[in-house]
*Asks:* 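I'd like to ask some things about the structure below.
Note that ligands are numbered from 1 as they come in the structure, with each ligand's atoms numbered from 1 the same way.
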Amino acid sequence: MIAKTSNITFDVEAVRSEFPVLDRVIYENKPLVYFDSAASSQKPRIVANTVRDYYLNEHANIHRGVHFLSQEATNKYEEARKKVRDFINAAYDEEIIFTSGTTDGINLIAATFDKVHIKKGDEVIVTGMEHHSNLVPWQMMCERSGAVLKFVPVSDEGELILEEYEALLNDKTKLVAVSHVSNTLGTINPVAEMIKSAHGVGAQVLVDGAQSVPHMKIDVRDLDCDYYVFSGHKMYGPTGVGILYGKKELLNELPPYKGGGEMIKTVTLEKSTYNELPHKFEAGTPNIAGGIGLGAAIDFMLREDLTDAAEHENRVLEYCENRLQEEFSDIKIIGQAKEKTGAVSFLLGDIHPYDVGVLLDRLGIAVRTGHHCTQPLMNRFDITGTVRASFGMYNTTQEVDALIEGLKRAEKMLS
Ligand code: PLP
């Protein structure tokens, strides 16, 4: 189960004080309780101030400017790339590609991979718990290239059935795409083990890290993943920026994704040659403020001991699951994996999740309801949606108590 509490030094009140939005009082004196960090986390002062300072005092276009501001902005942007490299322990700066987010990173690989690695009849494996972002691009790639998409099934507990995964792997498997952590179930998937097996048949692996990077230390070299993608806005950073990590030799094999400025070396009217990594995949003026802001989000996260922060978050999650089970006889937690982080999905009796969400909102509690962009997973559990409470390092067990009280009211009013 979730990591048990030990003597952690994590000071949640100090962390909360960095997030002004958490002091908001909404609807007639209801203190905001924010349990929607899996959709997007809140932003600490350092991120907002860094982006503000950039726009007010430092803005210029980057990379080709000879003037002071352009060089300063370029240095800051490239420093952010180095921060990301160190944060996930990549070997080289050029393995870090700035994207607009997880979705963009997956689409980059899905739009280029088949051009060099797929022939008709080859196979691609995804799982039954993927976010639509890590499913639809592969459906599109398979449709285009004639590859066959295969699926790792999900158990009743919300874990991947690994024996079935192993059975799917064969010498036709060219790519496995799997989420490190499920945004709906909170399940932590055993990606290191899955990568090892995939490499055993010569397949490459893309890991969707949208929900893992905010909650655990990631070491891409240790995992030995081929590609790892994530979004800035789920890890306390700005919206509209994300990262694609790829092994240098593999990124070098792929053709460019988008054409335009920055990604070229030479251009004639008839033909172009392409730039080196990472610029080959960074056509056009990037989200400069977003990149620099993402660097600030990493600075923010590294101020904390990330193991302690994770332990605190898992304690809040465990407390929430325990209280849900203790207080409601008619609660159904969707996803009871042994290893979980970040989120709990549930159904309260036969009350529609949307109604629960609306009532909680009136009490100042922000949760998410619906299919969470995982419709196939909803079909697997034969439901149309869930209520999902998801956590950041700023959440507390007192906020969970408020959620439980809110749910009691919902049960009384809506049953
Ligand atoms: N993958 C997972 C597991 C997610 O949770 C999300 C967003 O919720 C995405 C991909 C897509 O992320 P973005 O919308 O930032 O591109």
*Asks:* For H371 together with H131, are the ring centres under 6.0 Å from each other?
*Replies:*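 No.
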
*Asks:* Side chain, backbone, both or neither: which part of K234 comes within less than 4.0 Å of ligand 1 when only heavy atoms are counted?
*Replies:*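 Only the side chain of K234 comes within reach of ligand 1.
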
*Asks:* With a heavy-atom distance limit of 4.0 Å, tell me whether T102 approaches ligand 1 through its side chain, its backbone, both, or neither.
*Replies:* both

*Asks:* Among all protein heavy atoms, pick out the one at the shortest distance from atom 14 (O) of ligand 1; state its residue, atom name and that distance to 0.1 Å.
*Replies:* T103 OG1, 3.7 Å

*Asks:* Between E157 and K338, does any NZ, NE, NH1 or NH2 come within less than 4.0 Å of an OD or OE carboxylate oxygen?
*Replies:* no

*Asks:* By number and element, which atoms of ligand 1 are closer than 4.0 Å to a non-hydrogen atom of S231?
*Replies:*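 It comes down to these atoms of ligand 1: 12 (O), 13 (P), 15 (O), 16 (O).
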
*Asks:* Is it true that K248 and E94 have a side-chain N and a carboxylate O under 4.0 angstrom from each other?
*Replies:* yes

*Asks:* Under 3.5 Å between any N/O of S179 and any N/O of ligand 1: does that happen in this structure?
*Replies:*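 No - when backbone and side-chain N and O of S179 are compared with those of ligand 1, no distance drops under 3.5 Å.
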
*Asks:* Would you please determine whether E130 falls within less than 4.0 Å of ligand 1 on a heavy-atom basis?
*Replies:*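 So E130 does not count as touching ligand 1.
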
*Asks:* Quick one about S182 and N189 (side-chain donor to acceptor, distance below 3.5 Å, no hydrogens or angles considered), yes or no?
*Replies:* no

*Asks:* Heavy atom under 4.0 Å from ligand 1: found in A210's side chain, backbone, both, or neither?
*Replies:*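 Looking at A210 and ligand 1, just side chain atoms fall under 4.0 Å.
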
*Asks:* Quick check on contacts: which atoms of ligand 1 are under 4.0 angstrom from a heavy atom of Q211?
*Replies:* 3 (C), 4 (C), 5 (O), 8 (O)

*Asks:* Can you see whether Q211 engages H180 through a side-chain donor-acceptor pair at a distance of less than 3.5 angstrom?
*Replies:* no

*Asks:* For the rings on F19 and F300, is their centre-to-centre separation under 6.0 Å?
*Replies:* yes

*Asks:* So is D208 in contact with ligand 1, going by heavy-atom distances below 4.0 Å?
*Replies:*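 Flag set, D208 near ligand 1.
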
*Asks:* Considering only heavy atoms of N183, which atoms of ligand 1 have at least one such atom less than 4.0 Å away?
*Replies:*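 Near N183, the atoms of ligand 1 are 5 (O).
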
*Asks:* Starting from atom 4 (C) of ligand 1, what is the nearest protein heavy atom, named by residue and atom, and what distance separates them?
*Replies:*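 Going atom by atom, the protein heavy atom closest to atom 4 (C) of ligand 1 ends up being H131 CD2, 3.3 Å.
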
*Asks:* Would you say the side chains of T184 and T374 form a donor-acceptor pair under 3.5 Å?
*Replies:* yes

*Asks:* Show the atoms of ligand 1 that are less than 4.0 angstrom away from any heavy atom in S133.
*Replies:*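 Here the atoms of ligand 1 in question are 10 (C), 11 (C).
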
*Asks:* If we count only N and O atoms by modelled type, under 3.5 Å, do the side chains of D401 and Y319 hold a donor and an acceptor together?
*Replies:*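 Yes, a side-chain donor-acceptor pair sits under 3.5 Å.
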
